[in-house]
Amino acid sequence: QVQLAESGGGLVQAGGSLRLSCAASERTVSSYAMGWFRQAPGKEREFVANIDRSGTITRYADSVKGRFTISRDTAMNTLYLQMNSLKPEDSAVYYCAAATLPYSGRVYADLRTYAYWGQGTQVTVSS
């Protein structure tokens, strides 16, 4: 059973930075493609970033490209999301997720690609 637990959220001023962590059960990060999604109040959950199973290919939503970086530490079984130049519109609950089945194409941005989800961590960016 895959288990995921996010941490690192909080309150930050616009322009600031945060690093989110997702602690995963053993071998999850090295075995599966992983993603970060976010959900703001009253909005649908949306794709933020993805890293493939090999750890060599990363993809980002246009809204965060150049500001956010997804990475992983397979020895620590941890997924990260470094968020810089934060904006108030980045405020949301952030979720990490694991895609346990192979996929192709742009489905890496689709919620349905991911079988396991963490409980989320709140990020609030003040203006």
Would you please test Gln13 and Val125 for side chain to side chain contact (heavy atoms under 4.5 Å, CB included) and show each step? CA-CA 5 Å; Gln13 288 188 332; Val125 184; over 6 Å; no
Is the Tyr114 ring parallel, tilted or perpendicular to the Tyr103 ring (thresholds 30°, 60°)? tilted
Looking only at non-hydrogen atoms, find the nearest pair between Leu18 and Gly8 and report the distance. CD2-O, 3.8 Å
Without swapping roles, check the side chain of Asp52 against the backbone of Ile57 for a donor-acceptor pair under 3.5 Å. yes
Rounded to the nearest 0.5 Å, what's the gap from CE on Met34 to OG1 on Thr100? Could you check? 10.5 Å
Got a salt bridge between Arg67 and Asp90, using NZ or NE/NH1/NH2 to carboxylate O under 4.0 Å? yes
Is a side-chain donor or acceptor of Ser30 paired with a backbone partner of Arg27 at a separation under 3.5 angstrom? yes
Cluster link Val48 to Val93, ILVMFWY, side chain under 4.5 Å: no
Side chain to side chain donor-acceptor pair (under 3.5 Å) filter on Tyr32, not counting sequence neighbours, yields none
Quick one: ring pair (Phe, Tyr, Trp, His ring centres under 6.0 Å) pairs with a partner in residues 51-75, sequence neighbours left out? none
Apply the test side chain to side chain contact (heavy atoms under 4.5 Å, CB included) to residues Asn77 and Thr28: give CA-CA distance (whole Å), side-chain angles for both, the deciding distance (0.1 Å), then the verdict. CA-CA 7 Å; Asn77 296 309; Thr28 295; over 6 Å; no
To the nearest 0.5 Å, how far apart are CZ in Arg38 and CD in Gln122? 12.0 Å
Do the side chain of Ser91 and the main chain of Thr124 share a donor and acceptor less than 3.5 angstrom apart? no
Common cluster, Phe47/Val107, ILVMFWY with side-chain heavy-atom separation under 4.5 Å: yes
Taking the side chain as everything from C-beta on, heavy atoms only, tell me whether Thr121 gets closer than 4.5 Å to Ser7. no
Provide the closest heavy-atom pair for Met83 versus Tyr94 in the form atom of the first, atom of the second, distance. SD-CE2, 3.8 Å
Count the heavy atoms belonging to other residues, nucleotides or ligands that lie under 6.0 Å from NZ of Lys43, then report whether that count exceeds 12. no
Do Glu6 and Trp36 pass the side chain to side chain contact (heavy atoms under 4.5 Å, CB included) test, and can you show the C-alpha distance, the side-chain angles, and the key distance before you say yes or no? CA-CA 10 Å; Glu6 302 92 338; Trp36 286 98; 3.9 Å; yes
Worked verdict on Leu20 versus Val123 for side chain to side chain contact (heavy atoms under 4.5 Å, CB included): CA-CA 9 Å; Leu20 305 184; Val123 171; 4.0 Å; yes
Short question: side chain of Thr78, backbone of Met76 - any donor-acceptor pair under 3.5 Å? yes
Go through it in stages, so that I can follow the logic: the residues are Tyr95 and Phe37, the test is ring pair (Phe, Tyr, Trp, His ring centres under 6.0 Å), and I'd like the CA-CA distance, side-chain angles, deciding distance and then a yes or no. CA-CA 5 Å; Tyr95 300 90; Phe37 288 76; 8.8 Å; no
To the closest 0.5 Å, what do you measure between CD (Gln82) and CG (Asn84)? 4.5 Å
Given side chains that start at C-beta, do those of Leu81 and Thr69 come closer than 4.5 Å, heavy atoms only? no
I'd like to check Ile70 versus Tyr80 (side-chain heavy atoms, cut-off strictly below 4.5 Å). Are they in contact? no
Answer yes or no: does atom CZ of Arg45 have more than 12 heavy-atom neighbours from other residues, nucleotides or ligands under 6.0 Å? yes
Do Trp117 and Leu111 have side chains that get closer than 4.5 Å, going by heavy atoms? yes
